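Worth saying up front: this structure is predicted, and the values here are computed from it rather than measured. Protein chains get the first letters and strands the later ones, always in sequence-line order, with residue 1 at the start of each.
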Protein chains: 2
Amino acid sequence: MSVGHTGVTTLEGPQGHEHEQDCGIREVLDRIGDKWSVLVVVELAAGVRRFRQLQRAVPGISQRMLTLTVRRLERDGLLTRSVYPTVPPQVEYELTKMGHSLHTQVRGLADWAAAHRDAVVESRRRFDRERAQSELQ
Amino acid sequence: MSVGHTGVTTLEGPQGHEHEQDCGIREVLDRIGDKWSVLVVVELAAGVRRFRQLQRAVPGISQRMLTLTVRRLERDGLLTRSVYPTVPPQVEYELTKMGHSLHTQVRGLADWAAAHRDAVVESRRRFDRERAQSELQ
DNA sequence: CCGTATCCGAGGCGATACTG
DNA sequence: CAGTATCGCCTCGGATACGG
């Protein structure tokens, strides 16, 4: 894998595909299927953000993961990173047009989740209950 | 965590959230953000499938992961599992109405991916090239 | 403030072997 | 055919410390 650069744990996201038989879905998931990307996109959809702002806006994220996440999104052309050589340094992140178009799709999923959350919860409850039943014998 | 049942490694998917500050997005990702769920949903969107059929349709998936994946989707009410006590046993999986509605959203993402794949690839190329540059000094 | 480097644990997932 | 049980790798990601 040609270890040439300074070893940022790899910017390539999850990792290499191999088969490619599906549609482009695996491709998307390998991009934004990780723990934080989507949340960052959503936050940035609301407007320009600085590093700290992002970190505060996305509750559990660590500094390391925020860095990795925005770098990958930048690499994919989903956001831009603007460095202002002030003191202290200041960096602004902003969604690109493509980033916003992705956000639209993500909104779709979020809306779906909101609309079906109750049904999912109820389904799980039933499933678990019935499962508990059959375990008594 | 009340280890009561037969230990299927947990059907709860990824694992428990904790903060909940975002929208319902983390929720969706915890459901279908794993390696296989979406691919199974997509395949089932085409029609009823049996276990083997699914496994063949989703190239890299192992027997274990297919089992876990369909169980979780069933638990969430996204698909139904019908067992026919024939010999040999025969089990059919079919998307529920809710499963199909999810599929619609997933299609949206897939279409987005298809529409922007080239742009993403190009963006990466540029990013990596420029990165290689600055590494020479 | 904005990163990067290193260490390390947790668990997702694959391989394999075994039941009904 | 459909599913379960074990085992172990390997990668993601959190904690921490340091640099510009």
Side-chain angles (χ1 to χ4, degrees), chain A residues 1 3 5-19 26 29-37 39-40 49-56 58-72 74 81-93 131 134-135, chain B residues 1 3 5-19 26 29-40 49-56 58-72 74 79 81-93 131 134-135:
Chain A
M1 198 211 234
V3 239
H5 52 57
T6 26
V8 195
T9 320
T10 185
L11 277 184
E12 311 234 339
Q15 94 233 35
H17 32 237
E18 44 221 31
H19 296 275
R26 165 47 46 68
L29 258 59
D30 283 351
R31 272 319 88 200
I32 59 157
D34 70 320
K35 197 172 180 183
W36 302 111
S37 294
L39 296 182
V40 169
R49 293 289 185 272
R50 295 176 49 186
F51 192 84
R52 279 289 176 191
Q53 286 185 301
L54 269 179
Q55 188 162 20
R56 277 188 295 265
V58 183
I61 198 168
S62 66
Q63 196 157 310
R64 166 187 150 83
M65 287 318 294
L66 181 54
T67 302
L68 282 173
T69 302
V70 292
R71 277 301 178 289
R72 297 207 263 248
E74 184 195 3
R81 176 173 173 271
S82 307
V83 182
Y84 301 98
T86 59
V87 170
Q90 182 167 341
V91 181
E92 287 186 351
Y93 296 93
R131 194 154 228 271
S134 61
E135 238 162 63
Chain B
M1 197 208 238
V3 240
H5 53 56
T6 26
V8 194
T9 319
T10 185
L11 276 184
E12 310 235 340
Q15 95 232 37
H17 33 234
E18 44 221 34
H19 295 277
R26 163 51 44 68
L29 257 59
D30 283 350
R31 271 319 87 199
I32 60 158
D34 71 319
K35 198 171 180 182
W36 301 112
S37 294
V38 171
L39 296 181
V40 169
R49 294 287 186 274
R50 296 176 48 186
F51 192 85
R52 279 288 176 192
Q53 285 183 300
L54 270 179
Q55 187 162 21
R56 276 188 294 267
V58 183
I61 198 169
S62 66
Q63 195 158 313
R64 166 186 152 81
M65 286 318 295
L66 182 53
T67 301
L68 282 174
T69 301
V70 291
R71 278 299 178 290
R72 296 207 263 248
E74 184 195 4
L79 59 77
R81 176 172 171 273
S82 308
V83 182
Y84 302 98
T86 59
V87 171
Q90 182 168 339
V91 180
E92 287 185 350
Y93 296 93
R131 195 153 226 271
S134 59
E135 237 162 64

Taking only the side-chain nitrogens and oxygens of A/Arg81, find out if one of them lies under 4.0 Å from OP1 or OP2 of C/dG3.
-> yes

Examine C/dC2: is either OP1 or OP2 under 4.0 Å from a nitrogen or oxygen in the side chain of A/Arg50? Give yes or no.
->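 Checking C/dC2 against A/Arg50, a side-chain N or O does come within under 4.0 Å of OP1 or OP2.
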
Specify the angle, to 10°, made by the local axes at the two ends of the helix from C/dC1-D/dG20 to C/dG20-D/dC1 when five pairs are taken at each end.
->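 That helix gives 40° between its end axes.
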
Nearest to the side chain of [X] - [options]?
X	options	result
B/Tyr93	D/dG13, D/dG3, C/dC2	D/dG3
B/Val91	C/dC13, D/dA2, C/dC2	D/dA2
B/Arg72	D/dA2, C/dC13, C/dT4	C/dC13
A/Asp34	D/dG3, D/dG13, C/dG3	D/dG13

Letter per nucleotide, 5' to 3', of nucleotides 14-20 of chain C [B base touched, S only sugar-phosphate touched, - untouched; heavy atoms, 4.0 Å] = BB----B

For B/Tyr84, which contact category applies under a 4.0 Å heavy-atom criterion: base, sugar-phosphate, or nothing?
->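 Here B/Tyr84 touches no strand at all.
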
Using a 4.5 Å cut-off on heavy atoms from C-beta on, say whether the side chain of A/Gln55 contacts that of A/Arg50.
-> no

CG of B/Leu66 versus P of D/dT4: gap in Å, rounded?
-> 11 Å

Report the distance from atom CZ of B/Arg72 to atom CD1 of B/Ile32, rounding to the nearest 0.5 Å.
->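 The CZ atom of B/Arg72 sits 13.0 Å away from the CD1 atom of B/Ile32.
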
Can you name the side-chain contact (heavy atoms from CB on, under 4.5 Å) partners of A/Val87, sequence neighbours left out?
->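 Residues passing side-chain contact (heavy atoms from CB on, under 4.5 Å) with A/Val87: none at all.
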
